[in-house]
Peer 1: 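One structure follows; several queries about it will come next.
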Amino acid sequence: MNGGSIIGCTAGSLGGGVVVARSTFTMNKGSILSCTAKESGGGGVDVQNGGSFTMKDGVISDCVSRGGETWKFGGGVYVENGSFTMDGGRITACRAANTSDPKYGRGGGVALSGQGVFELNAGTIDASCTATGAGGAVYSTGGTLCANGGTIAGGVMNSYGTITGSGGTRFSGSVTNDEGGSIKSGTFEETSDVLNYGTIGPGVTFSGKVTVTYMTDGTVYAQHFLKSGAMARQPGAKPGKTDYTFDGWLKADGTAYDFKQPVTENITLTAKWKLTSYTVVSSETELRDALTQKKAGIRLANDIQLTQGTLEITYEVTLDLNGKVLAQSVDGSVFVIGNEEASKIGKLTVVDSDTTKEHKFEPNADHLWVLDETGGTETVHGGIIYGGRASSGGGVNVENGTLIMEGGSIVGCQAGDVGGGGVHNSGTFIMKSGTISGCNGSVGGGVYNSYGTFTMEGGSISRCEAADRSGRMGDGDGVYNSGTFTMSGSAEITECRASGVYNTGTMNANGGSIQTVSGSTALYNNGAGTVQTESGSTGTVFKTQVTNEGVISGGTFEDQVTSKRGTISGGTFRLDVSIQRETTVTGGVFEGDVSIQGGTVSGGTFKGKV
């Protein structure tokens, strides 16, 4: 075809303008205009059965594949089991439209399937091409796009297809590389964005772009490469998970991401899941069977007493205490999460759907709360994890995994040799709600955070005690931290007899409050400890005395502070501060009197006597 026009032709099935099968067609100049394929595809051109079409110049314009019953592929060009080579010219204003189910309109300009090959060396497939479903400019399902040159200005959907070639083709629109798709080459201009579910070869770069990474259950679900200042595309295909429904994308702080906000830096979003069903259990046997069968949600129908030892969690499960008591009656933790030696990882989320149920406890001589439903003087509302006795983590021992408390209470549990009466954490512990009360351990009566990450966003730790088997007081009635402990929101540590927090690690004192009994210490910051407030946080309020030997750079201190050594570089101090021995003060606001008995003071704001 060396000129002329093919105009206004209609085919009942394929190729409104031209069908090429087991033959060749070369278009040097001329145009294919306003042609229609009604049943399947190729409004302008259909190439099939080993056929070959070469376009060296000219235009394919205003062609359409449309109808209402089947897939509508390739408004301009549809290549199935053949090849189309574009060495120049333009494909413009073509459409793939399904009138009854719009999602089945694919590839407004070009569609590829099966063994179809589209080789783009020069010319343009422009943004005026549209599809009611996907791939306004190009849609490929199993086909190959050889991106050697030219420009694709509109949207591209690569579904189980391959984009390869020398990489000279310039993509300036939105590209989706779907699951099973592969991008091995291409030049992606500043205006383009790429949402990737498949694979992208090492030779493909996205210079000048930021990346949004979508994670689900610790694996990458999708990545979006886009210009800084543009808005992220929410993945259209939602991830799936047995027994859960997808419930949106969360930022690192756990809040919902706003897709109307511009993206100016690399960010990671995590899938939020909502459990859809629970297995209801009434006995220890039923509970253990449900865990063996790896049920995603388990709800207690009755109080359950464990007689066969610890419950091991090696998968992701949500336990609804439902106002009931889950009691350990033999030696061992109530739960152990994960198994480090066996490289097994577990995740336990504790919730409580009945917070009205009352349970009574009576403190014994060791200040351990003992269940006494008829004569107890202490009341706890809602479901209870109770009675665990272990060397570490009487209630829950997080060995290799995650514990999330969204409700319920851990009460009357104890840990002797290692510590963590309520919880011993070597993994991740997130406390959003609930209570840990009346527990004791050699260190960390409530929680021993042993080189793990403990985030306390809400709930309370109260009336726990650190003491060894002989009754000698230990460290950290509420929390003993040698890992990373972040306290924020409405979290409270209260009514501890010796020290609310004993810190030898990093404490991010971002919010919440700590108040121990009169004369005791809200915080003992060991020489290896750091207490800091992260940017934008209000700071934890320490309502009773504090002893410092490490580094304090944030927090609000409402009672006396004694710094025996270490550094104070920030924080607000409402009452008197005693600076002793080897302490260095470089910052902070001191509203009360400051007594300097050694050390160095080189900065800070002092409003009282010095």
Side-chain angles (χ1 to χ4, degrees), residues 13-21 24-25 32 37 40-55 60 63-65 70-87 89 91 94-98 103-121 123-126 129-167 169 171 173-186 194 197-199:
S13 179
L14 296 163
V18 177
V19 175
V20 184
T24 61
F25 189 106
I32 301 174
S40 184
V45 176
D46 175 73
V47 184
Q48 57 179 286
N49 295 329
S52 174
F53 189 107
T54 300
M55 181 178 180
I60 299 174
C63 294
V64 60
S65 171
T70 61
W71 292 90
K72 304 303 169 188
F73 285 138
V77 176
Y78 180 30
V79 186
E80 49 173 342
N81 302 317
S83 65
F84 188 109
T85 300
M86 187 172 181
D87 292 326
I91 299 175
C94 295
R95 305 177 305 284
N98 186 299
K103 69 175 178 288
Y104 292 121
R106 306 288 175 98
V110 175
L112 308 172
S113 69
Q115 301 301 313
V117 177
F118 190 97
E119 183 176 343
L120 179 57
N121 299 314
T124 299
I125 305 170
D126 70 27
C129 294
T130 60
T132 57
V138 177
Y139 177 79
S140 177
T141 175
T144 300
L145 171 63
C146 295
N148 299 327
T151 299
I152 300 176
V156 175
M157 168 65 82
N158 186 41
S159 177
Y160 293 93
T162 300
I163 299 175
T164 186
S166 66
T169 298
F171 295 84
S174 292
V175 177
T176 298
N177 189 42
D178 210 354
E179 181 182 4
S182 173
I183 298 177
K184 297 180 179 180
S185 64
V194 179
Y197 301 90
T199 60

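Throughout, residue positions are numbered sequentially from 1 according to the sequence presented.
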Peer 1: Under a 4.5 Å cut-off applied to non-hydrogen side-chain atoms, are Val45 and Ile60 in contact?
Peer 2: yes

Peer 1: Scan Thr85, Leu145, Thr54 and name whichever one has a side chain to side chain contact (heavy atoms under 4.5 Å, CB included) with Glu119.
Peer 2: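 Filter result, single survivor: Thr85.
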
Peer 1: Between Val47 and Ser83, does a side-chain contact (heavy atoms from CB on, under 4.5 Å) hold up when you go through it step by step?
Peer 2: CA-CA 7 Å; Val47 184; Ser83 65; 5.7 Å; no

Peer 1: Below 4.5 Å, heavy atoms only, C-beta onward: do Phe73 and Val79 meet side chain to side chain?
Peer 2: no

Peer 1: Has Asp126 got a side-chain atom pairing as donor or acceptor with Ala153's backbone, closer than 3.5 angstrom?
Peer 2: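 No, because the side chain of Asp126 does not come within donor-acceptor range (under 3.5 Å) of the backbone of Ala153.
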
Peer 1: Do side-chain atoms of Thr169 reach the backbone of Gly149 as a donor and acceptor pair under 3.5 angstrom?
Peer 2: yes

Peer 1: Roughly how far apart are Ser159 OG and Tyr197 OH, rounded to 0.5 Å?
Peer 2: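 Answer rounded to 0.5 Å: 11.0 Å.
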
Peer 1: Are Gln48 and Leu14 packed together at the side-chain level, in the sense that at least one heavy-atom pair is separated by less than 4.5 angstrom?
Peer 2: yes

Peer 1: Considering non-hydrogen atoms only, spot the tightest contact between Ala37 and Ser13 and give its length.
Peer 2: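 Residues Ala37 and Ser13, closest heavy atoms: CB-O, 3.4 Å.
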
Peer 1: Before you tell me yes or no, could you show the steps for Val77 and Ile91 under side-chain contact (heavy atoms from CB on, under 4.5 Å), namely the whole-Å CA-CA distance, both residues' side-chain angles and the distance that decides it to 0.1 Å?
Peer 2: CA-CA 9 Å; Val77 176; Ile91 299 175; 4.1 Å; yes

Peer 1: Can you tell me how far CG of Asn177 sits from CD1 of Ile163, rounded to the nearest 0.5 angstrom?
Peer 2: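 Going from the CD1 atom of Ile163 to the CG atom of Asn177 covers 6.0 Å.
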
Peer 1: Is Ser185 reaching over with its side chain to a backbone N or O of Thr164, donor-acceptor style, under 3.5 angstrom?
Peer 2: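 Flag set: sc Ser185 to bb Thr164 pair under 3.5 Å.
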
Peer 1: Distance from Phe84 atom CZ to Phe53 atom CZ, nearest 0.5 Å?
Peer 2: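 Output value for this atom pair is 5.0 Å.
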
Peer 1: Look up atom OG1 in Thr162 and atom CD1 in Ile183, then write down how far apart they are to the nearest 0.5 Å.
Peer 2: 10.0 Å

Peer 1: Could you tell me whether the side chain of Asn158 and the main chain of Gly161 form a donor-acceptor pair under 3.5 Å?
Peer 2: yes

Peer 1: Are Val156 and Ser174 side-chain neighbours, meaning at least one heavy-atom pair lies under 4.5 Å?
Peer 2: no

Peer 1: Which pairs would a plain distance check flag for residues 105-115, meaning a side-chain donor or acceptor within less than 3.5 Å of a matching protein atom at least two apart in sequence or in another chain?
Peer 2:
from   : atom 1 : to     : atom 2 : distance (Å)
Arg106 : NE     : Lys103 : O      : 2.6
Arg106 : NH1    : Tyr139 : OH     : 3.0
Arg106 : NH2    : Lys103 : O      : 3.2
Ser113 : OG     : Tyr78  : OH     : 3.0

Peer 1: Heavy atoms, side chains only, cut-off 4.5 Å: are Ile152 and Leu120 in contact?
Peer 2: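 With C-beta onward as the side chain, the pair touches.
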
